[in-house]
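Quick notes on the structure that follows.
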Amino acid sequence: MAPSFEDGNSLFDFVVRNGNGVKGLVDSGISKVPDQYIQPQQERIDNQNGISHKLPPIDLSKLDGPNHDQVVEEIASAAEKLGFFQVVNHGVPVELLESLKDVAHKFFAQPPEKKAIYCQGVSPSPYVKYGTSFVPEKERALEWKDYINMVYTNDADALNHWPNECKEVALEFLNTSIKMVRKLVEILIGKLGVTVEDSRIDALTGFKMVNMNYYPACPNPDLTVGVGRHSDMGTLTVLLQDGIGGLYVKVEEDIDAGEKGDWIEIPPIPGALVINVGDTLQVVSNGRYKSAEHRVRTTSTQSRVSIPIFTTPKPTEKIGPLPQVVETDGVARYRHFAFQEYMNNFFGNVHDGKKSLDFAKLDSA
């Protein structure tokens, strides 16, 4: 019989403070979503009316051939209009992607006490955090998601501190993806008409994190969200989806796949990786590239995993629009700031669309 949570505090203690997560809630035998997870009507995702994003993935192997310029245009156009695109022939072995999904499921299948050792405040490592939702202490409605967050400093630290169940595969995913990320950032900065030093490119992706996200099967997916509306704070995010789907992106300007304001689904493509623009790249490009507002639905049939790599500037890095772009545009739309300030703002507030970018906007813009 499912436990009875007499009030919100007992559920919060069970899920958040004691580290049972949403999976512990589901495993306890609940037959309906607790009130604390029921989203306001306007935040719920109606996947019956969702539009599927039919654009083909971008083949990165063609960057080395006669179609180089065309592929560069496809990458830049996607970053300007939607902030999301999928890539194939990206240099990350497909077998590794399958292994990643397997180890993610294995990690979350462990007993709660095995995962709870990584909860904030008790984790043996500052590089690893296990948690649930986003900012559960502040949210009106919790998100239907558990996660493990692994910060990268170097290979040795990762192998010493990341969870044994996933560290080697997660580290290989990170290391095999970074060359692709750097190439994409070079292309996007180059398309701004800007020449920057290699060290500046590196500075935009100097801090890296790997997450493994777990969305348990939900008894009432129409009432919940896996992740609420938000944009990512960094430069570029690399995301591995499983075959279940559920990722939705908001259209900021009319494109072939949808009109402004539409939510379109990014369907899983076998062997592909999803790339999305983060707030940092929107700021650096003075708004030319769009950080993508996105969210994730839940499903009643299967538990879903996703594995993103977040590439961001180091916390001490100073971020702002590139001077050459401001000169061309005639106006700076964002101010300069230390990235740590942006991180503090981002993680200190609940998901609320692209409101995190307000921190960086200039009043005159």
Side-chain angles (χ1 to χ4, degrees), residues 52-104 152 155 168-196 198 200-202 204-206 208 210 232 234-243 245 247 249 255-257 264-278 281 285 288-292 294 305-311:
S52 192
H53 188 270
K54 300 294 187 186
L55 293 179
I58 297 172
D59 186 346
L60 295 186
S61 68
K62 292 183 178 180
L63 286 169
D64 298 323
N67 295 321
H68 174 273
D69 291 350
Q70 178 189 335
V71 177
V72 166
E73 287 297 331
E74 289 174 1
I75 292 167
S77 176
E80 288 174 0
K81 293 177 180 177
L82 187 62
F84 255 82
F85 53 98
Q86 299 201 64
V87 295
V88 293
N89 294 322
H90 37 60
V92 183
V94 174
E95 301 79 17
L96 175 60
L97 301 182
E98 294 305 311
S99 296
L100 264 171
K101 291 181 271 189
D102 289 343
V103 299
Y152 178 80
D155 287 5
E168 291 179 354
V169 179
L171 181 60
E172 188 178 354
F173 179 42
L174 176 66
N175 285 336
T176 53
S177 299
I178 289 306
K179 184 179 179 183
M180 169 190 63
V181 169
R182 197 179 194 290
K183 185 68 176 173
L184 291 172
V185 174
E186 284 178 352
I187 286 169
L188 291 169
I189 296 297
K191 282 298 288 179
L192 294 173
V194 173
T195 302
V196 297
D198 287 349
R200 189 70 191 131
I201 299 283
D202 291 337
L204 291 171
T205 58
K208 306 169 189 71
V210 182
D232 293 345
T235 302
L236 286 181
T237 300
V238 179
L239 175 73
L240 171 63
Q241 295 197 83
D242 64 12
L247 173 64
V249 181
I255 57 173
D256 292 341
I264 60 174
E265 185 169 11
I266 307 294
I269 297 175
L273 290 168
V274 178
I275 308 295
N276 71 274
V277 173
L281 194 54
S285 69
R288 194 86 56 87
Y289 300 130
K290 306 293 192 300
S291 66
H294 54 289
V305 294
S306 67
I307 301 96
I309 296 172
F310 300 106
T311 65

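All values derive from a computational prediction rather than experimental measurement.
Looking only at distances, no side-chain donor or acceptor of Y289 sits under 3.5 Å from a matching main-chain atom of V277. No donor-acceptor pair closer than 3.5 Å links the side chain of H294 to the backbone N or O of D232. Side-chain N or O atoms of S77 include none that pairs as donor or acceptor with a backbone N or O of E73 at under 3.5 Å.
E186 CD: more than 12 foreign heavy atoms inside a 6.0 Å radius.
Taken to the nearest 0.5 Å, the CZ atom of F310 stands 8.0 Å off from the CG atom of L239. Atoms CG and OG1, from L204 and T235 in turn, are 4.5 Å apart once rounded to the nearest 0.5 Å. How far OG1 of T176 is from CD1 of I309: 7.0 Å, rounded to the nearest 0.5 Å. Rounded to the nearest 0.5 Å, atoms CD1 (I178) and OH (Y152) are 8.5 Å apart. Here T195 contributes atom OG1 and R200 contributes atom CZ; the two are 14.5 Å apart, rounded to the nearest 0.5 Å. For the atom pair E172 CD and D155 CG, the distance stands at 11.0 Å (nearest 0.5 Å).
Contacts of E98 classified as salt bridge (Lys or Arg N to Asp or Glu O under 4.0 Å), with partners at least two apart in sequence or in another chain: K101.
Residues S177 and V92 share a closest heavy-atom pair of OG-CG2, 3.6 Å. In plain terms, the two heavy atoms of K191 and A76 that are nearest each other are CG-CB, 3.8 Å.
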For residues 56-71, run the donor-acceptor check on the side chains, cut-off 3.5 Å, and write out each pair with its distance to 0.1 Å, sequence neighbours left out.
from: D59; atom 1: OD1; to: S61; atom 2: N; distance (Å): 3.0
from: D59; atom 1: OD1; to: S61; atom 2: OG; distance (Å): 2.6
from: D59; atom 1: OD1; to: N89; atom 2: ND2; distance (Å): 2.9
from: D59; atom 1: OD2; to: S61; atom 2: OG; distance (Å): 3.4
from: D59; atom 1: OD2; to: N89; atom 2: ND2; distance (Å): 3.2
from: Q70; atom 1: NE2; to: E74; atom 2: OE2; distance (Å): 3.2

TODO: Carefully, step by step, assess V185 and T311 under the rule side-chain contact (heavy atoms from CB on, under 4.5 Å).
DONE: CA-CA 11 Å; V185 174; T311 65; 5.9 Å; no
